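Beneath this line is the structure, given in structure tokens, with notes to follow.
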Amino acid sequence: MRVVLNGEDREIEAATLAEALEALDYADAIVATAVNGEFVPHDQRGETTIKEGDAIEVLAPMQGG
Amino acid sequence: MRVVLNGEDREIEAATLAEALEALDYADAIVATAVNGEFVPHDQRGETTIKEGDAIEVLAPMQGG
Amino acid sequence: MRVVLNGEDREIEAATLAEALEALDYADAIVATAVNGEFVPHDQRGETTIKEGDAIEVLAPMQGG
Amino acid sequence: MRVVLNGEDREIEAATLAEALEALDYADAIVATAVNGEFVPHDQRGETTIKEGDAIEVLAPMQGG
Amino acid sequence: MSARTFYGQALANRLLLGTAQYPSPAILADAVKQSAVDMVTVSLRRESGAQRAGQAFWQLIKELGVSVLPNTAGCHTVKEAVTTAHMAREVFGTKSIKLEVIGEDDTLQPDVFGLVEAARILTDDGFEVWPYTTQDLIVGGKLLDAGCEVLMPWGAPIGSGQGLNDVFGLRAMRAHFPDVPLVVDAGLGLPSHASQAMELGYDAVLLNTAVAKAGDPVAMAIAFADATRAGQAAHQAGPMEVRDMAEPSTPVMGKAFLL
Amino acid sequence: MSARTFYGQALANRLLLGTAQYPSPAILADAVKQSAVDMVTVSLRRESGAQRAGQAFWQLIKELGVSVLPNTAGCHTVKEAVTTAHMAREVFGTKSIKLEVIGEDDTLQPDVFGLVEAARILTDDGFEVWPYTTQDLIVGGKLLDAGCEVLMPWGAPIGSGQGLNDVFGLRAMRAHFPDVPLVVDAGLGLPSHASQAMELGYDAVLLNTAVAKAGDPVAMAIAFADATRAGQAAHQAGPMEVRDMAEPSTPVMGKAFLL
Amino acid sequence: MSARTFYGQALANRLLLGTAQYPSPAILADAVKQSAVDMVTVSLRRESGAQRAGQAFWQLIKELGVSVLPNTAGCHTVKEAVTTAHMAREVFGTKSIKLEVIGEDDTLQPDVFGLVEAARILTDDGFEVWPYTTQDLIVGGKLLDAGCEVLMPWGAPIGSGQGLNDVFGLRAMRAHFPDVPLVVDAGLGLPSHASQAMELGYDAVLLNTAVAKAGDPVAMAIAFADATRAGQAAHQAGPMEVRDMAEPSTPVMGKAFLL
Amino acid sequence: MSARTFYGQALANRLLLGTAQYPSPAILADAVKQSAVDMVTVSLRRESGAQRAGQAFWQLIKELGVSVLPNTAGCHTVKEAVTTAHMAREVFGTKSIKLEVIGEDDTLQPDVFGLVEAARILTDDGFEVWPYTTQDLIVGGKLLDAGCEVLMPWGAPIGSGQGLNDVFGLRAMRAHFPDVPLVVDAGLGLPSHASQAMELGYDAVLLNTAVAKAGDPVAMAIAFADATRAGQAAHQAGPMEVRDMAEPSTPVMGKAFLL
């Protein structure tokens, strides 16, 4: 299934956001997630289904001013 | 009938704003009028009825910055 | 003999500046001296004669900016 | 005879500054003159002798701020 | 002169003058005439049927033959400002309105939220709105979206005479709205302030107190008109480049050697 | 207008203009005419018998019918300056001399020691000395003692266009010499600088580069003349008092209640 | 030290430091440690599952043992800012958010309309909002109404290093909100700018580029911390009154007569 | 820290403090100790044999264990200043002298003519002269020629607290004398002024009134010491480049797309 991860096309097999993160090597990473522009809290990743073409944003802490 | 003209109580006999202006010596004066905070255009003064306690504002050109 | 000490008239008996300082209670004080506008170093006070009307300046450390 | 006119070597035949100016094409020009750094007023040019190597400055009005 | 017009009106004199606080009507009239301003600001105030002060004032202004720009001075709410604008349009017979929605009384700073809302209502209703605003670029953009064709950022608090308190902000505003007529409104105290505003590329300045409260208001009005024209001309003429160090103006070449 | 005169000369136009660096003699002439200046600065430079550039220039200036103020630009020593002054007096037929004794080449700052000495020599010799000086009050006093009747402190380095770098110093100088004609000479870049100098109570401004190097020198000359007049008029008219906070210009009394 | 707290947090060090643009993580860490700042700003950016740059950065920050203030830098809409805030709260485990809603890209000026709306949404949702705003008093009032307990007006455009472009505006804001913790955020370039902000009575300064882009960021961080503390202490100590003219510091009385 | 020394003396603390006008000797002592200054200025005044105020003061200063820099405050002539210097050398046992030759009493501006003459006499006589001067580059050069190894231009009139009135002049002086220790002496009112002077590359600041007349002189002394160190560190660390417009500090790359 094709999804857009942080702006780039990716092929993954995943039913939920949780599975998608696994498949995308984020496993244990400290990240925040959004699907199609909506924030998905950590504890809802398991029940958040992912479908063809979904835009997934995976963000982590970074330098800021 | 008591009305409030420019913030001061006045006793007048008048059914309409036009009559009120007459009674209040504005006759031919170039003024703009409002009743209870609503602008009353010149050509509507005749059909605008005045009732006890109405707040009438009669404004004229003045210095401004 | 009348001298002017720091701008004020004083009566003293003294032949030299050294004696004058004694007479004027400066004894052991840490001060710098001038007579009639000329600096008199410490070691010349003994040989500096004072005469009627001399202007003696006796200065000490003071607050400064 | 060699003179230095406004910083440049020139060969002229002249006994006085007046003659030198003639020889140097200033004839009727409105100029001020100095020889060896000293101002020579107009009416003294005739009696001011020029000798080998003299530095002659011939100045005229110019733009200024 | 800048090609920019103010709602189609090409003001020859880029000094706009307020009409308040003059020692006398005669001095006001004289100041307006001798400074040759094309537009003055006026307001609406309560008229007494007996004294009719307003009638006399209006007569005076009409005789001056200048355009009038009524203001909504002192209005703190959208409703007040809008109602005042309507009354002004009827009395002064102009759709021009200097829109003031005051948000704070120590600085007389505009309430930019109310300002944008009132500007939208009034432009929709056919008014030509001259908004008294800040240097805020986003507010400026919203005012343009609302239909304003002129922006009037403040230079300093009304009547303070401080001049241009935020030159950076004024410069940024000029750069951000290259095609919009911009007027520095309020806060100017000296002719050099007017020159400076025009040198920054502003299209006009609007002031009142600096002239009315001067020792000689007529002379000061003329001075501001001159300084405004000077600043505008300088901007158009193209100023020299500022240099860090000195550069001789008198040519160095050809200097005599007189040592 | 200020009653002060400049060695007895009452300048109607308080803008004094330099004559260097213009794109062409025609533009110089036009700038002088259209700005209606009464006095221009000139210099002396080496003349070539062949080209005679100076003769043409002098002809041009004479036709302008303005007073000339010759300078000693570029002189670094008392002797150079004094000799140059003598040569200028003969050629230009005036005892007026703008005395420059330059002490440092990056800033073209005057050498105040040489300046005072040269001023004494020249005034003793009958010159009317216009000294290019700093804001130094003691130097100013010595120049007056030497016989100068005008002082010309710099605003900023010659040709820099920075404006008034030390407003405090200029203000202090004005206060210290209330009766002396003071001219801000050098460093101005914009008309607002000229207005500001005059608003401080200065009697005239002298500049060159800001006009000559402008995109349109003629327009800029007019702008500076306007701004100078404006600043002078403002100083005489008596400016408003600056306020910390706002004060409504439009009367608050009589405001309608429209809520 | 000012009794004011920041959402109950009493910051001992009133310098808040950004974490971006340092030559290396080690230098960032060193700058934070040696300047002893208590709070740093951070952001959220896209993480690559492979490189995991963010994990390392977050580890570094946690080891510094300072509070973090996540920002919504680069957000131009309310929705973006709100969503980013939620994501930040989860990742950083703090309800503190530096709210930026950018309205214009040349100045990075805040969109005060979006700012107020986002502030309301976020405070209603339990966030402690630190809004990056302008000197606009009405906007400040609306932000407080929305529940903000801190205001952060800009000093100058982000990363410009210009310092305090509108001192009047900052002073007016301090006077208008005497009890609100105020932070000058963005635009500072030199320690003297930080001192000046604190001398005006501000409660803290927030900056990044001036330290990160300095030749020696660690030394500059210490310098800013010193200057910030100095300005704060000066404000509390009560500065001398400024005088127009001189007043001898050394006593005149008792001076010798040595002529 | 700048390698420059002051007559061979490497001052760790670049804040030099005056000792006059404090509420009490105890507060003076505390201010000196807590700000950790290395050098203080003192003067000579008439001593009464009875009261001996000077003896007590001198005892206090000696116990502070700092170097003293005696001044010639209030001297208006070369002779006065020279005689005072000699008396100071004997009493204070130092050849250091802060040379003041006052030329004008409203500004306490130095008389640069008398200053140079007195400096020459005193250096010839073995003194280490710290001249209180102006930003005049030529005067500075003559003082160096006279043997001075330090220059102390004023920031503003003594005791005025105005700060740096002529930043251009100070900058030009720093550029013109790259290897000479330069001290801004007099006129500072706030720590930010001290930071600014050091940021300009000055080597030290000397002040008195701003500390002594503060509400809390001890706290203010510490503040000035911090600000001076901050400004010095900033100059050495290398400040960022000032930008006309904004530049995001938080990286733009990697920003989420959340619309």
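In what follows, chains are A, B, ... by sequence order, proteins preceding strands, each numbered from 1. Below, all heavy atoms of this structure are taken into account, side chains as well, without hydrogens, waters or symmetry copies. If you're wondering where the values come from, they're calculated on a predicted model, not measured in any experiment.
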Subject >> Largest heavy-atom contact set with chain E, pairs under 4.5 Å, which of P217(F), P157(F), G187(F), G18(F) >> reply: P157(F)

Original post:
Does any N or O in the side chain of Q162(F) come within less than 3.5 Å of the main-chain N or O of V242(E), such that one atom is a donor and the other an acceptor?
Top reply: no

Original post:
When only pairs under 4.5 Å are counted, which of A225(F), P251(F), A194(F), A219(F) shares the most heavy-atom pairs with chain E?
Top reply: P251(F)

Subject >> Largest heavy-atom contact set with chain F, pairs under 4.5 Å, which of T209(E), N208(E), V211(E) >> reply: T209(E)

**OP:** Identify which part of L188(E) has an atom lying under 4.5 Å from any heavy atom of chain F, answering side chain, backbone, both or neither.
**Re:** backbone

Subject >> Residue among K213(E), K79(E), R229(E), E47(E) with most heavy-atom pairs under 4.5 Å to chain F >> reply: R229(E)

Subject >> K255(F) and E80(E) ion-paired at < 4.0 Å >> reply: yes

Original post:
Do you know which of N71(F), V252(F), T41(F) has the most heavy-atom pairs under 4.5 Å to chain E?
Top reply: N71(F)

Original post:
Of all of M220(E), H235(E), Q109(E), which one pairs up most often with chain F through heavy atoms under 4.5 Å apart?
Top reply: M220(E)

Subject >> Separation of L258(E) CG from C75(F) SG (nearest 0.5 Å) >> reply: 7.0 Å

Subject >> Per-residue contact mode, E241(E) against chain F (heavy atom under 4.5 angstrom) >> reply: backbone

**OP:** Kindly give the heavy-atom pair with the smallest separation between R45(F) and M253(E), and that separation in Å.
**Re:** CD-O, 3.6 Å

Subject >> Straight-line distance of D226(F) CG to I222(E) CD1, nearest 0.5 Å >> reply: 12.5 Å

**OP:** Let me know if Q196(F) has heavy atoms under 4.5 Å from chain E in its side chain, its backbone, both or neither.
**Re:** both

Original post:
What option among S249(F), A233(F), G215(F), A214(F) has the most heavy-atom pairs under 4.5 Å with chain E?
Top reply: S249(F)

Subject >> Qualifying residue for side-chain contact (heavy atoms from CB on, under 4.5 Å) with M245(E), from I158(F), L108(F), D106(F) >> reply: D106(F)

Original post:
So which of G163(F), A197(F), A223(F), P239(F) has the largest heavy-atom pair count under 4.5 angstrom toward chain E?
Top reply: A223(F)

Subject >> T84(F), part contacting chain E, at a heavy-atom distance under 4.5 Å >> reply: both

**OP:** Among the options S192(E), G74(E), G161(E), pick out the one with the most heavy-atom pairs lying under 4.5 Å from chain F.
**Re:** S192(E)

Original post:
With only heavy atoms counted, which part of F257(F) is less than 4.5 Å from chain E, the side chain, the backbone, both or neither?
Top reply: both

Subject >> Part of S43(F) lying under 4.5 Å from any heavy atom of chain E >> reply: side chain

Original post:
If you count heavy-atom pairs under 4.5 Å between each of S160(E), P248(E), G238(E), A186(E) and chain F, which one has the most?
Top reply: S160(E)

Original post:
Given that the side chain runs from C-beta out, which part of T77(F) has a heavy atom under 4.5 Å from chain E: side chain, backbone, both or neither?
Top reply: side chain

Subject >> Shortest non-hydrogen contact between A230(F) and P191(E), atoms and distance >> reply: O-CG, 4.0 Å

Original post:
So which of T19(E), V42(E), L190(E), I102(E) has the biggest tally of heavy-atom pairs under 4.5 Å with chain F?
Top reply: L190(E)

